[in-house]
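Here's the structure, in structure tokens; my notes come after.
In the text below, chain A, chain B and the rest are named by the order of the sequence lines, each starting its count at 1.
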Amino acid sequence: MKIATFNINGIKARIEALPRWLDAAHPDVVLLQEIKSVDDAFPREIFEELGYQVETHGQKSFNGVAILSKHPLEDVTRGLPGDDSDEQARWIEATVMGETQAIRLCGLYLPNGNPAPGPKYDYKLAWMARLEARARDLLALEMPVMMAGDYNVIPQPEDAAKPESWTEDALFRAETRAAFCRIVNLGFTDAFRAVTQGPGHYSFWDYQAGAWQRNNGIRIDHLLLSPQAADLMTDCQIDRDVRAGDKPSDHVPVWADLAL
DNA sequence: ATGGCTTGTTAAACAAGA
């Protein structure tokens with residue numbers, strides 16, 4: 001089962017590029033971030049005609065996550081637990097049945113947090129604390145679990161072309177990286193790093209200043225696997241060529257294949 | 001880079017992103 005994460009930076013703006021990638025990559029499940037749409041305005045028919053079930057958790061103008069799946073989605077839940085006053089649409093969960101066993105999928109859009117320090121950074125760290133709590137509960141299920149999405153975290157210096165320019169940024173500050181590390185160290189596997197080591201592998205290139213042409217990128221879209229999911233992984237890749245297509249998102253898809 | 005581009009909202013700028 002091929003499961004991908006893709007921050008599309010607006011579903012309306014990606015109404016051609018997203019189906020184009022689906023046709024080329026034929027993922028079974030896609031976790032989308034930044035749909036920037038309310039649920040009623042999401043063009044679900046386009047994806048249903050391609051064979052996908054569509055579950056959205058949107059809001060007006062900003063954020064918003066969704067799941068596209070060629071297999072039935074069960075027990076869909078919306079919103080990250082831990083703060084009922086949080087109105088930002090950044091988390092969706094669903095269970096997908098494979099041929100032999102089920103996997104719990106979590107799609108997430110972790111807050112950017114800039115400028116740091118400040119209230120937006122405080123929100124990011126508080127959100128990561130809630131994520132850690134949810135991650136603990138998911139591990140206790142002792143089943144295949146994937147938490148995938150735009151983490152807005154550069155885990156290591158090798159995950160940025162110019163790490164020195166990110167030192168005070170909310171994506172790379174010591175507190176951010178430590179919070180991410182705490183979650184991984186609960187027992188998750190960074191799927192991409194289990195397959196590929198070394199620098200030069202990015203999932204985001206800024207629209208500005210010729211970042212793509214200069215390969216000035218960062219790796220911030222991650223797939224974290226529970227031990228039971230990591231045991232099933234056979235491959236994980238970044239579809240970097242998508243960034244060179246017509247009217248691209250500033251992020252590209254990252255996917256993993258699991259023997260489910 | 002104090003933001004060089006893109007998006008959404010809404011009708012000419014503004015907010016937000018990373």
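Using a 4.0 Å heavy-atom distance criterion, A/D206 is classed as a base contact. Among the heavy atoms of the strands lying under 4.0 Å from A/A209 is at least one base atom, whether or not backbone atoms are also near. Among the protein residues, A/D221 comes within range of no part of the nucleic acid, since none of its heavy atoms lies under 4.0 Å from any strand.
An OP1 or OP2 oxygen of B/dA18 is reached within less than 4.0 angstrom by a side-chain nitrogen or oxygen of A/Y109. Residue A/K120 has a polar side-chain atom (N or O) positioned under 4.0 Å from OP1 or OP2 of B/dG17. Between B/dA18 and A/H251, a contact under 4.0 Å exists linking OP1 or OP2 to a side-chain N or O. Between A/R14 and B/dT6 there is no side-chain N or O to OP1 or OP2 distance below 4.0 Å.
In terms of polar N and O atoms assigned as donor or acceptor, the side chain of A/N152 never comes within less than 3.5 Å of the base of B/dA18 in a complementary pairing.
When the nucleotides B/dG17, B/dT7, B/dA18 are ranked by their closest atom to the side chain of A/N9, B/dT7 comes out on top. Between B/dG17, B/dA16, B/dG3, one nucleotide has an atom nearer to the side chain of A/F62 than all others, and that is B/dA16. Relative to the side chain of A/S61, the nucleotides B/dA18, B/dG8, B/dC5 differ in distance, and B/dG8 lies closest. Closest contact between the side chain of A/R90 and the listed nucleotides B/dG8, B/dA18, B/dG17 involves B/dG17. Comparing B/dT7, B/dC5, B/dT10 against the side chain of A/K247 picks out B/dT7 as the nearest.
The nearest whole Å value for the distance from the NZ atom in A/K36 to the C1' atom in B/dA15 is 10 Å. In this structure, A/K60 atom NZ and B/dA15 atom C1' are separated by 14 Å, rounded to whole Å. Residue A/I35 contributes atom CD1, which lies 14 Å from atom C1' of B/dT7 at whole-angstrom precision. In this entry the distance linking CG of A/L171 with C1' of B/dA18 reads 6 Å, nearest Å. The nearest whole Å value for the distance from the CD1 atom in A/I11 to the C1' atom in B/dT7 is 13 Å. Atom CG of A/N216 and atom P of B/dA1 are 11 Å apart (whole Å). A/Y207 places its OH atom 10 Å from the P atom of B/dA18, with the value rounded to the nearest Å. Atom CG of A/N63 and atom C1' of B/dA15 are 13 Å apart (whole Å).
Using a 4.5 Å cut-off on side-chain heavy atoms (C-beta onward), A/L171 and A/N114 make contact.
The existence of a salt bridge linking A/D159 and A/R193 is confirmed by a sub-4.0 Å separation between a basic side-chain nitrogen and an acidic carboxylate oxygen. Electrostatic pairing of A/R134 and A/E93 counts as a salt bridge here, judged by a charged N lying under 4.0 Å from a carboxylate O. Looking at A/R173 and A/E175, a side-chain N of the basic residue comes within less than 4.0 Å of a carboxylate O on the acidic one, giving a salt bridge.
Donor-acceptor pairing under 3.5 Å is recorded for the side chains of A/D239 and A/W21. In this model, no donor atom of one side chain and acceptor atom of the other lie less than 3.5 Å apart for A/Y109 and A/N152.
B/dT9 sits 24 Å from B/dG3 when the P atoms are compared, rounded to a whole Å. Separating the P atom of B/dA18 from that of B/dC14 is a span of 22 Å, rounded to the nearest Å. The separation of B/dC5 from B/dA11, taken at their P atoms, amounts to 25 Å, rounded to a whole angstrom. Comparing the same atom, P, in B/dT10 and in B/dA16 gives a spacing of 14 Å after rounding to whole Å. Nucleotides B/dA1 and B/dA12, compared at atom P, are 35 Å apart to the nearest Å.
Ring pair A/F180/A/H222 is tilted by interplanar angle, where 30° to 60° counts as tilted.
Each of A/P248 and A/D150 lies near DNA chain B, and the nucleotide nearest A/P248 is the one positioned closer to the 5' end. Take the nearest nucleotide of DNA chain B for A/G210 and for A/D250: the residue whose nucleotide is more 5' is A/G210.
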